[in-house]
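Positions are given from 1 along the sequence.
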Amino acid sequence: AETLREGGVYVVEAGTGTGQTLAYSTAILAALVHDNSGPVAVSTHTKALQNQFLDHEIPGLKRLFELPQLHAVSLKGMSNYVCVRKLMELMPKSDNLFKEDIPMSDRFAAAFLEHWLYRTREGELEEFPRPLQELPLIQEARFPARADFRDCTRRECQYFENCFYFKKEWEAESAHILAVNHSLLMSYPRSYPEFTRLVVDEADELYTEAREAFSRKVSNKDAREMME
C-alpha cells in the first residue's frame, strides 16, 4: 500500500493459496483511500484470471469492506469484442429465416445471436456457450465478426453508440480499478485510461508476454520472399 501511495517498485512472492489476491487488493483499497484521483491497474497472466478477479474478487471486496461504490472495469484487446456492424451483416435477415433453404441449425444460431446481442453486457465472443460454437453459422461468424481497428469506422458507424469496445472505454474513464491481462499491458491502447499505479499478478509470466508482444516470427518462406 505504501508503494502504491508513494511510488516505487515492490516485489512479493507467496505460495499458491496464501491469499495473494486479497493481500494486494487490500493494498489497492488503502491506496485509493489515500488518493483516488486516478485508477490502479491490475494485470493478470490470463483472461480467465482477469475475469475471475472482476467477477469474484471485486464483489467479495465490496461486501467485506462495505464499498458498494467501488468501480472496477475489465479491459481487453479490441479483437475480443464483437463488431455489431459485422455481426448484423453476417446474420441472415429475419424475413429470410423461414425460407425452406435455410438449415434449421442456421435458424437456431441466428435466433441465439440476435438474443445474445441484445442481452450481453460485455460483448465478448468468448461468451458463446461451447455447444453453440459448433454450429456452422456461429463458426463462420466468430472470426469475421471480431472488432478490428483496421476496418473500424468509429463515429461514422451507425452502431457506434452501441459498440462494446468503445463502451468499455467510456465506462473505464470513471473506474477506480482497471483489470487487464499481461498481453494487453504490453500493447496498452492510447485510447484506454492512463494509470500511474500498477499491480502485476504472476509477474514471472510477464517476460513471456513481452517477448511475444515485441518480437516477430519469420518463416523460411518469409525469409526467401524478403530476399527476392
Expected list for residues 38-52: side-chain donor-acceptor pairs under 3.5 angstrom, two or more places apart:
from: Ser43; atom 1: OG; to: His182; atom 2: N; distance (Å): 3.3
from: Ser43; atom 1: OG; to: His182; atom 2: ND1; distance (Å): 2.7
from: Thr44; atom 1: OG1; to: Thr46; atom 2: O; distance (Å): 2.9
from: Thr44; atom 1: OG1; to: Gln50; atom 2: N; distance (Å): 3.2
from: Thr46; atom 1: OG1; to: Leu49; atom 2: N; distance (Å): 3.1
from: Lys47; atom 1: NZ; to: Asn80; atom 2: OD1; distance (Å): 2.8
from: Gln50; atom 1: OE1; to: Asn181; atom 2: ND2; distance (Å): 2.8
from: Gln50; atom 1: NE2; to: Ser74; atom 2: OG; distance (Å): 2.9
from: Gln50; atom 1: NE2; to: Leu75; atom 2: O; distance (Å): 2.7
from: Gln50; atom 1: NE2; to: Ala179; atom 2: O; distance (Å): 2.9
from: Asn51; atom 1: OD1; to: Lys76; atom 2: NZ; distance (Å): 2.7
from: Asn51; atom 1: ND2; to: Lys47; atom 2: O; distance (Å): 3.3

Exercise. Does atom CD of Glu6 have more than 12 heavy-atom neighbours from other groups under 6.0 Å away?
Worked result: yes
Residues at least two apart in sequence or cross-chain that pass ring pair (Phe, Tyr, Trp, His ring centres under 6.0 Å) with Phe128, listed by chain then number, are Phe112, Trp116
Spell out, yes or no, whether Leu184 and Phe214 are grouped together once hydrophobic residues are joined by side-chain heavy atoms under 4.5 Å, including indirect joins. yes
Are Leu198 and Tyr10 joined in one hydrophobic group, where the rule is that I, L, V, M, F, W and Y side chains link up if heavy atoms are under 4.5 Å apart? no
**Glu127/Glu122 under side chain to side chain contact (heavy atoms under 4.5 Å, CB included): CA gap, chis, key distance, verdict** = CA-CA 9 Å; Glu127 295 176 11; Glu122 302 295 324; 3.0 Å; yes
Evaluation steps, side chain to side chain contact (heavy atoms under 4.5 Å, CB included), between Tyr165 and Ser191
CA-CA 11 Å; Tyr165 176 77; Ser191 56; 3.5 Å; yes
Value for CZ (Phe143) from CG (Asp148), rounded to nearest 0.5 Å, stands at 8.0 Å
Exercise. With the side chain counted from C-beta on, respond yes when Cys163 and Val84 share a heavy-atom pair under 4.5 Å apart, and no when they do not.
Key: no
Rounded to the nearest 0.5 angstrom, the OG1-CG distance for Thr26 and Leu64 is 7.0 Å
Which of parallel (below 30°), tilted (30 to 60°) and perpendicular (above 60°) describes Phe53 and Tyr24?
tilted
- Query: Is any side-chain heavy atom of Tyr188 closer than 4.5 Å to a side-chain heavy atom of Pro193?
  - Reply: yes
| query | Do Phe166 and Tyr159 have ring centroids that are under 6.0 Å from one another? | reply | no
> Is the closest basic N to carboxylate O distance between Glu171 and Lys167 below 4.0 Å?
Replying inline: no
The reported gap from CG in Leu87 to CG in Leu117 (rounded to nearest 0.5 angstrom) is 5.5 Å
Enclosure of Tyr118 OH (heavy-atom neighbours >12, cutoff 6.0 Å)
no
Residue set satisfying side chain to side chain contact (heavy atoms under 4.5 Å, CB included) with Ser174, at least two apart, ordered chain then number -> His71
(request) Show your working on ring-ring contact (aromatic ring centres under 6.0 Å, His included) between Trp170 and Phe164 and close with a plain yes or no. (result) CA-CA 10 Å; Trp170 304 330; Phe164 294 103; over 10 Å; no
Heavy-atom count check: over 12 atoms from other residues, nucleotides or ligands less than 6.0 Å from Glu2 CD? no
By salt bridge (charged side-chain N to carboxylate O under 4.0 Å, His left out), Arg197 pairs with (sequence neighbours left out) none
Close side-chain approach of Leu61 to Leu29, heavy-atom, < 4.5 Å: yes
Quick check: are there more than 12 heavy atoms from other residues, nucleotides or ligands sitting under 6.0 Å from CZ of Arg119? no
Rounded to the nearest 0.5 Å, the CG atom of Leu113 sits from the CZ atom of Arg142 at a distance of 11.0 Å
Contacts of Arg5 meeting salt bridge (charged side-chain N to carboxylate O under 4.0 Å, His left out) (sequence neighbours excluded), chain-then-number -> none
Requested in this report: Please answer: with hydrophobic residues joined when any side-chain heavy atoms are less than 4.5 Å apart, are Leu178 and Leu206 in the same cluster?
Outcome: yes
The reported gap from CD in Glu89 to SG in Cys83 (rounded to nearest 0.5 angstrom) is 7.5 Å
| Does a donor on one side chain and an acceptor on the other come within less than 3.5 Å for Thr21 and Glu57? | no
side-chain hydrogen bond (donor to acceptor under 3.5 Å, both in side chains) filter on Ser37, not counting sequence neighbours, yields Asp35
I'd like to know whether CD of Glu156 has more than 12 heavy-atom contacts from other residues, nucleotides or ligands below 6.0 angstrom. no
Side chain to side chain contact (heavy atoms under 4.5 Å, CB included) for Ile58 and Ile177? Distances and angles first, verdict last. CA-CA 9 Å; Ile58 292 297; Ile177 299 174; 3.9 Å; yes
Report yes if the side chains of Leu70 and Leu32 come closer than 4.5 Å at any heavy-atom pair, otherwise no. yes
Handout entry: Cluster link Phe65 to Leu4, ILVMFWY, side chain under 4.5 Å
Key = yes
The reported gap from CE in Met78 to OH in Tyr192 (rounded to nearest 0.5 angstrom) is 8.5 Å
- Message: For Phe149, I'd like to know if atom CZ has over 12 heavy atoms of other residues, nucleotides or ligands within 6.0 Å.
- Response: yes
Hey, is CG on Asp204 packed in by over 12 heavy atoms from elsewhere, all under 6.0 Å? yes
For this session: Decide yes or no on side chain to side chain contact (heavy atoms under 4.5 Å, CB included) for Tyr81 and Leu125, but give the supporting numbers first.
Result: CA-CA 6 Å; Tyr81 302 99; Leu125 292 166; over 6 Å; no
Check: Is there side-chain contact between Arg146 and Val82, with heavy atoms separated by less than 4.5 Å?
Finding: no
- Query: Counting distance only, does the side-chain N/O of Arg155 pair as donor-acceptor with the main-chain N or O of Thr153 below 3.5 Å?
  - Reply: no
Just so I know, are the side chains of Glu140 and Pro144 near enough to count as touching, which here means a heavy-atom distance under 4.5 Å? no
* Asked: Under a single-linkage definition using a 4.5 Å side-chain heavy-atom cutoff for Ile, Leu, Val, Met, Phe, Trp and Tyr, are Val12 and Val199 assigned to the same hydrophobic cluster?
  -> no
Q.
Between Asp151 and Lys86 (salt bridge meaning N to carboxylate O under 4.0 Å), is one present in this structure?
A. yes
